[in-house]
Chemist: 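Below is one structure. I have some questions about it.
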Amino acid sequence: MDIEALKNAGLGAADLMALLESHRVDNIDRDAGAMGHEGLSAALTSFCERWALGVKNLTKDGQGLSRNLIDTAGAYLEVDHKVAADMERIAQSTQGGAHG
């Protein structure tokens, strides 16, 4: 398992979610007077509301994915360290047993 790739994927997902959150549409003037057309105003309002909800759901899921990738990388790293320590202990006990 490429632990560094897992960690980088998690960090990349976090960066992407932050970028996505920065593209907000709630500050767009959707007033019919500003738009010049009631139907256009209603369509843009509907789009912006759905966009905001979609971005909220996507970023929530993406942040969870990011955390899980980073946590998984940490878990693999922890297991790697434990296995390395166990292998070192086995190697030392084998060397000690051969000389003792």
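Predicted, not measured: the structure shown is a model, and the values here were computed from it.
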Chemist: Under 3.5 Å, side chain of Ser41 to main-chain N/O of Met35, donor-acceptor pair present?
Modeler: no
Chemist: What residues, two or more places apart in sequence or in another chain, satisfy side chain to side chain donor-acceptor pair (under 3.5 Å) together with Ser46?
Modeler: Arg50
Chemist: Checking Glu49 against Leu53 for the side-chain contact (heavy atoms from CB on, under 4.5 Å) test, could you report, in this order, the C-alpha distance in whole Å, the side-chain angles of both residues, the deciding distance, and whether it holds?
Modeler: CA-CA 6 Å; Glu49 288 170 354; Leu53 181 60; over 6 Å; no
Chemist: Calculate, to the nearest 0.5 Å, the distance between atoms OG1 and CG belonging to Thr59 and Leu16 respectively.
Modeler: 10.5 Å
Chemist: Can you pull out every side chain to side chain donor-acceptor pair (under 3.5 Å) where at least one residue sits in residues 63-89? Sequence neighbours excluded, please.
Modeler: Glu78-Lys82, Asp86-Arg89, Glu88-Gln92
Chemist: Which residues pass the side chain to side chain donor-acceptor pair (under 3.5 Å) test with Glu38, sequence neighbours left out?
Modeler: none
Chemist: Can you name the residues that form a side chain to side chain donor-acceptor pair (under 3.5 Å) with Asp26, not counting sequence neighbours?
Modeler: Arg24
Chemist: Group every Ile, Leu, Val, Met, Phe, Trp and Tyr by side-chain heavy-atom contacts under 4.5 Å, then state whether Ile28 and Phe47 land in the same group.
Modeler: yes
Chemist: Can you measure from CG (Leu58) to CG (Leu65) and round to the nearest 0.5 angstrom?
Modeler: 10.0 Å
Chemist: Testing the basics here: between Arg30 and Val25, what is the closest heavy-atom pair and its distance to 0.1 Å?
Modeler: NH1-O, 3.4 Å
Chemist: Hey, are the side chains of Val79 and Val83 touching, using non-hydrogen atoms and a 4.5 Å cut-off?
Modeler: yes
Chemist: Shared ILVMFWY cluster between Met17 and Ile70, side chains joined below 4.5 angstrom?
Modeler: no
Chemist: Please report the closest heavy-atom contact between Ala34 and Asp29, naming both atoms and the distance.
Modeler: CB-OD2, 3.1 Å
Chemist: With Asp31, which residues qualify under side chain to side chain donor-acceptor pair (under 3.5 Å), at least two apart?
Modeler: none
Chemist: For residues 5-22, pull every pair meeting side chain to side chain donor-acceptor pair (under 3.5 Å), keeping only residues two or more places apart or in separate chains.
Modeler: Glu4-Lys7
